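Comments concern the structure below.
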Amino acid sequence: MARENRGRTLQPIHDWIFEHISDAVLFINKEGRIVASNNPAHSLLNITTSKSLITEYLNLESIVPNNGKEIMVRTKVKPEKLILLRSMQIGDHVCMILKEGGLQANKEAIFYSLNNILNGPYEGVVMHDGAQIIDCDQAFASLSGYNREELLGTNILDLIASQDHEKMIRSIESTANKPYSVKGVKKDGSVIYVEIVPETLDIEEGQIRVAIIRNITERVENEKQIEFMAYYDELTDLPNRNYFQKVLNDEIRASDIGQKNIAVHFLDLDDFKHINDTLGYQFGDQLLISFASRLKQLLFEDIFIARMTGDEFLILQRNINQEEDATQFAEKLLQIFKQPLDVNGYEIYTSVSIGISLYPSLGKTASELMKQADIAMNFIKKENKNDFLMFKRSFTEGFKERLTLETELHRALENKDFVLHFQPQVNIKNNEIIGLEALCRWNHPNRGIVSPGEFIPLAEKTGLIVELGDWVIREACRQNKIWQDLGLPKVKVSVNLSAKQFLQRDLVDNIANILDETGLEPQYLEIEITESMAMTNEKFIIETLKGFKELGVNVALDDFGTGYSSLKYLSQFPLSKLKIDRLFIQEKTEQNIAIVKTIIHLSHSLNLKVIAEGVENEEDLSFLIEENCDEVQGYYFSKPVPDTKVKELFSKT
């Protein structure tokens, strides 16, 4: 810039120094006009005309020198800058020394003041006055997807998602410097999550804000993924059981205040296991996705849907006034699944079984409501499926008693509170005992002898039947060996096996070990399996039966005639005996008589012995003798007796 009367005006500073000093230097006359300026001053303030007023470039309240004290002022040139200014009187002029006062000048001080907050990496720094961006570093610009020049002078809220504007404004207007996080929007529209660590800087005209920016997108997305896994089902994108229970608890609290009723619907997809087994798990997953999509059509303000597990779903129905509101909604559920589901181009017809519970009339807690709805669903599923049922308190009557019995059953196994009773099997031709069926009894310390009809189903349900069954086999073999050693006639002892016990992979080896332990010869043990057990998983059954044959153990098919035997497999089974169910003996209808005759004839044609149980009188015995039955068993000869009475049975024959 040309300077008039240069030597006289700038006498205190040598021309060479004035031109080569790195700081921006200005000389101002009494009127505030710039009479001299060096090149750094031109660049800093964009000075383009001679003898212009300093107030055209800087926001100054006065040009009175401040004796070298450094102050921060704003430029009037856009984009606005912050300038650090020192001024002093030199002769008739004021000398101003200027330098950049934005981030570059303040970074060290900013980082020092934020040292206690910053304990990790940062991705950018931005300086703003209110919502207007004054300055930023290149890292912040890159993070936002803009050039630095594009950001200067713009509104910082333009970089923040609208739902976080209020949070950002509160921080700007606050004097507190608390870190907070917001959802940002980059130039290309993509989302970024950032943590903002603010700091306030004092300047001559007031205050400005500086913020350290951290990119926390990965952390937020990981947290969202963890939250999704905790509260949502990945396959159907529906809330899961945990989320449902949380929402249900909240609704119960809200209902207590507003006196509103709630219904919980427990849905089970009918015949899903069959579809899975037939068409495969991938097809089953697609069916569940399609099923969930159909359910989502019912989503509105008062409905909340979740996936329980597998093919089970939960629906929360809010703000109902009466029981009929819940049953009408259940009917609507049944209706929407009358139309087929589209699964990979296939039309699949399916149905649902629905159990319902109500708050507060039936259940008081979330877990109680869900359990009650589950119980009601299981009741309707067993009866006829494709229907709904409201929970009734009678459904759980006796549950506590069964729970107590289950606990006592565990203890009884530990304490060996079981005993065996034996019922003789008699050769119909010579009236001699040819075998003894071992029947388990529970000698309860308080209730006395507990019926097998009470504890055997419970043992099967809890899985204790395997341990109990092993004890029965071992005890029967041990007792039979004792009788033989005492000189009693050598006869078979028969033991019933449960389905779970019979399907054990090591069953044959296990029984072989028991025979070795007790010293009983294999031909004196007979295993009884039911017809329904034999007709499931035939290939495995045949292999197991062949194992028994090689071992020398006899196998009888019990309850014959009550199932659906395949004659093809029956001819292949290495059996020793068919056992006619007591039903056909005690109820002598024309059809039952025909069935008994057929079973006897079939057994003999297959070279099998046949035994009839349930023989209670002379008429039963005469009928079986006439039909050439081989063996009989029943109260006509003897009820089951304890081991101490077995010797008497042999003395009577």
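Start at 1 with the first residue, then count along the sequence. Quantities reported herein were computed from a predicted structural model and do not represent experimental measurements.
Asp470 and Asn510 are linked by a side-chain donor-acceptor pair at a separation below 3.5 angstrom, with hydrogens and angles left out of the test. Between the side chains of Tyr636 and Glu618, at least one donor N or O lies within less than 3.5 Å of an accepting N or O.
Contact of the Val419 side chain with the Pro642 side chain is not registered, since no non-hydrogen atoms from C-beta on lie closer than 4.5 Å. Within the 4.5 Å cutoff, no side-chain heavy atoms of Glu368 are placed close to those of Lys371. Side-chain contact between Thr236 and Leu295: absent, with no pair of heavy atoms (C-beta onward) separated by less than 4.5 Å. You'll find the side chain of Leu525 reaches within 4.5 Å of the side chain of Ile527, heavy atoms only.
Between Phe455 and Phe418, a ring centre-to-centre spacing shorter than 6.0 Å is recorded. Checked against a 6.0 Å centroid threshold, the rings of Phe266 and Phe313 do not count as neighbours. For Trp483 and Phe422, the gap between ring centers is short of 6.0 Å. Phe291 and Phe272 have their aromatic ring centers separated by at least 6.0 angstrom. Taking the ring centroids of Phe379 and Phe391, they lie at or beyond the 6.0 Å cut-off.
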Could you give me the CA-CA distance, side-chain angles and deciding distance for Lys381 and Asp387, then say whether side-chain contact (heavy atoms from CB on, under 4.5 Å) is met? CA-CA 8 Å; Lys381 196 173 184 71; Asp387 205 349; over 6 Å; no
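Note that the CG atom of Leu369 and the CD atom of Gln245 stand 10.0 Å from one another [nearest 0.5 Å]. Between atom CG of residue Leu621 and atom CD of residue Glu616 there is a gap of 12.5 Å, rounded to the nearest 0.5 Å. The distance from the CG atom of Asn240 to the OG1 atom of Thr309 is 10.0 Å, given to the nearest 0.5 Å. Here CE of Met390 is found 7.0 Å from CG of Leu362. Values are rounded to the nearest 0.5 Å. Summarising the geometry, atom CG belonging to Asn496 is positioned 10.0 Å from atom CD belonging to Gln501; distances are rounded to the nearest 0.5 Å. Atom CD in Glu312 sits 10.5 Å away from atom CE in Met370 (nearest 0.5 Å).
Contacts classified as side-chain hydrogen bond (donor to acceptor under 3.5 Å, both in side chains) and involving residues 625-634 (residues at least two apart or in different chains) are given here: Gln423-Gln633, Gln425-Gln633, Glu437-Gln633, Lys577-Glu631, Lys579-Gln633, His604-Asp630.
With sequence neighbours left out, the side-chain contact (heavy atoms from CB on, under 4.5 Å) criterion links Leu235 to Asp233, Asp285, Leu288, Ile289, Arg307.
Using modelled atom types, no side-chain atom of Gln286 and backbone atom of Val343 make a donor-acceptor pair closer than 3.5 Å. The backbone N or O of Asp417 lies less than 3.5 Å from no partner atom in the side chain of Asn415, so there is not a single donor-acceptor pair. Side-chain atoms of Asp268 never come within 3.5 Å of backbone atoms of Ile354 as a donor-acceptor pair (strictly under, hydrogens ignored).
At least one cation-pi condition fails for Lys246 and Tyr243: the charged atom is not both under 6.0 angstrom from the six-membered ring centre and inside a 45 degree cone around its axis.
No salt bridge links Arg411 with Glu414; every basic N to acidic carboxylate O contact stays at or beyond 4.0 Å. A salt bridge links Lys481 with Asp485: at least one charged nitrogen is closer than 4.0 Å to a carboxylate oxygen.
Between Ser357 and Gly363 the shortest heavy-atom distance is OG-N, 4.4 Å.
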